Amino acid sequence: MILEQIHEPADLKKLSIKQLKLLAQELRTEIVNVVSEHGGHLSSNLGAVELTIAIHYVFDAPADKLVMDVGHQSYAHKLLTGRYDRFPTLRQKGGISGFPNIDESEYDAFTAGHASTAISAALGMARTRDIMRGDNNVIALLGDGALTGGMCFEALNDAGQSNTRMIVVLNDNDMSIAPNVGAVNRYLTRLRQSKGYIAVKHGVRSRLEKLPVVGARLYRFLEKLRNLVRSIFVDDKFFEALGFKYMGPVDGHDLKQLIRVLKRAKNYDEPQLIHVVTHKGRGYRPAEDHPTRFHGIAPFYIESGDRKDASGTTSGSIVARQLIDMADSDIRVCAITAAMPSGTGMDAFQKAHPDRFFDVGIAEEHAVTMAAGMASQGMKPYVAIYSTFLQRAYDQIMLDVCRNGLPVTFLIDRAGLVGEDGATHQGVFDLSYLRSIPGLVIAAPRDVRDLKQMVALSRELDGPMAIRYPRACGDLGPAIQSQGAFEIGRWELISAGTDVMIFAVGQMVQPALQAAVELMGKGISAGVVDARFVAPMDTDMLIQQASAVRLVVTAEQNVLAGGFGEGVLDALARVGVDRPVLTLGVPNRFIAHATIDQQVEECGLGALDIARRVQEKLKAMEASA
Ligand SMILES: Cc1ncc(C[n+]2csc(CCOP(=O)(O)OP(=O)(O)O)c2C)c(N)n1
């Protein structure tokens, strides 16, 4: 097996094109095997195999810097840079990350996870090289989806006027997670479709090279002329206008062609963009046929492509169903996603109300301000974005929506610990970054019934609201069903307690209830309040319940810094309720990849850990009394 003998990219350089092709097959087999066992990002990785081989064949990492956008296409890179042995640990606790990580390998030039950052980071590295008088190459590798993100344009705009030597490799598979959107994508499609042109020009080249001696020399001479190089490739207007030398489109599965173009790119002292066309999911039929389903996939059977565990109902799909019903009778209701129609469940809304559904691309900032514009004109926009990606749009939420008091509802999916995607994708900061924004109602359902109530409530609200929920909310059943209609800023006392009161947010209500039962078994009377509105807080209930117990506990799947618990501490201090407060939440550090259960355990947020920590706190209080 060739792959076993590749310990570093230098080992690739000894291989023939034939061997490199075999290596590509081996890489695909390894990637499919490991992802089928543990889940991961399949389609993007399969599409980028030859491109990754070619880049490492031509360049000299780690001296040359390869900056990967998002980083979900990094598996072949990991396998070629000394991580073959550890590859089966991909995305598991203690194993290698599913994304490039500077702490994991010197070959991972930049940690990634969120889209559209690669050109900026690469430009920063290239400028540093110039200041330090270095001579290494810097390559940014990004997809056509990433190119829908505003940061890319800020970076292209800056890089294009800089004359800095850097290479942008655009891996164009015509897909984001879903089919790509936007005018730039339409432009890329036009370039892609002019592929025949490049073949004709290569014909010219091979004919020239066949002329004895003179022909080859003549070609080399001509090739130096920018004009000819331009004419070998499609006549691009867009990237050239931005100050980039454009080369492409290049067949991203043709190793020979890729290597030739990348080698040529090494010779130029200016910003270049190489447009590479690839096929998402390449080499594994189910992924080729369903690139979206296999973009990020749970463990599956290789033969059929079927998932090993039946996927449960997601919170997003439930919200989408409700929005569809609302939109049926209310023309103001519309849904917006930033390149995540299926992940957020909004693809169902798209089918039902295509004229009121907007996929704006990987453009969270734009999504939010566009929603503000719509709301200012009487619409009722629902913006469905994962907690981690909404971080991008902080200023837009604050000023464009909330400062204007506009009725935009943020559907914040994947809130809390997210599992195998790890540190770059944790949804554990939203309560902190939203809680300080004046006028924003922040709600977190304890289960699916409450989620529906909150969405219904948002419709009546003439102002901004955020509803944060995990991938699947679950159903706590009729026994602990919420009582009465929801009122903004009102919490619910689920069970009374005389020693301890646990104020729990969202998905923490269930373990809090279990912890209370556990504590009861130890002779400690613990009650639970569902603090379903993190803002505004129910200070009446807080004061009343906190005053009645010895210990106040808060529980949230959010970082402690700036989270709900700190809000409770602050509120109690302000009114002078002097009670010890145990704040339970995600510690203020980045939580790496593992299963959600393992991460919950790591953060001490499982029912038994909550009960244990409460007991320890009570003991410490008794000891110091
Ligand atoms: C800021 C941000 N928003 C959303 C995502 C979710 N996301 C991950 S990959 C992806 C699509 C990327 O498409 P592309 O760049 O074309 O890469 P491909 O998977 O096609 O290789 C999206 C939307 C993200 N990583 N970052």
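Both counts, for ligands and for their atoms, begin at 1 and track the order of listing. Only this structure's heavy atoms are used, side chains among them; waters, hydrogens and symmetry mates stay out. Not measured: the values here are computed from a predicted model.
Applying the salt bridge (Lys or Arg N to Asp or Glu O under 4.0 Å) definition to pairs two or more places apart or across chains, none involves residues 333-354. Listed by first and then second residue, the side chain to side chain donor-acceptor pair (under 3.5 Å) pairs involving residues 588-600 are Arg589-Glu602, Thr595-Gln598 (not counting sequence neighbours).
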N/O to N/O under 3.5 Å, ligand 1 against protein:
unit_1: ligand 1; atom_1: 3 (N); unit_2: Glu364; atom_2: OE2; d: 2.6
unit_1: ligand 1; atom_1: 15 (O); unit_2: Ala146; atom_2: N; d: 2.9
unit_1: ligand 1; atom_1: 16 (O); unit_2: Asp144; atom_2: N; d: 3.3
unit_1: ligand 1; atom_1: 16 (O); unit_2: Asp144; atom_2: OD1; d: 3.3
unit_1: ligand 1; atom_1: 16 (O); unit_2: Gly145; atom_2: N; d: 2.6
unit_1: ligand 1; atom_1: 16 (O); unit_2: Met175; atom_2: O; d: 2.9
unit_1: ligand 1; atom_1: 19 (O); unit_2: Ser44; atom_2: OG; d: 2.7
unit_1: ligand 1; atom_1: 19 (O); unit_2: His72; atom_2: NE2; d: 2.7
unit_1: ligand 1; atom_1: 19 (O); unit_2: Lys280; atom_2: NZ; d: 2.9
unit_1: ligand 1; atom_1: 20 (O); unit_2: Asn173; atom_2: OD1; d: 3.1
unit_1: ligand 1; atom_1: 20 (O); unit_2: Asn173; atom_2: ND2; d: 2.9
unit_1: ligand 1; atom_1: 20 (O); unit_2: Met175; atom_2: O; d: 3.0
unit_1: ligand 1; atom_1: 20 (O); unit_2: Lys280; atom_2: NZ; d: 3.2
unit_1: ligand 1; atom_1: 21 (O); unit_2: Asn173; atom_2: ND2; d: 3.4
unit_1: ligand 1; atom_1: 25 (N); unit_2: Gly113; atom_2: O; d: 3.0
unit_1: ligand 1; atom_1: 26 (N); unit_2: Ala115; atom_2: N; d: 2.9

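Going from atom CD of Glu26 over to atom CD1 of Ile31 covers 12.0 Å, rounded to the nearest 0.5 Å. Between the CZ atom in Phe410 and the CD1 atom in Ile442 there is a gap of 11.0 Å [rounded to 0.5 Å].
Judged as a ring pair (Phe, Tyr, Trp, His ring centres under 6.0 Å), and not counting sequence neighbours, Phe590 has no contacts.
The pair Asp144-Arg192 does not count as a salt bridge, with every side-chain nitrogen at least 4.0 angstrom from each carboxylate oxygen.
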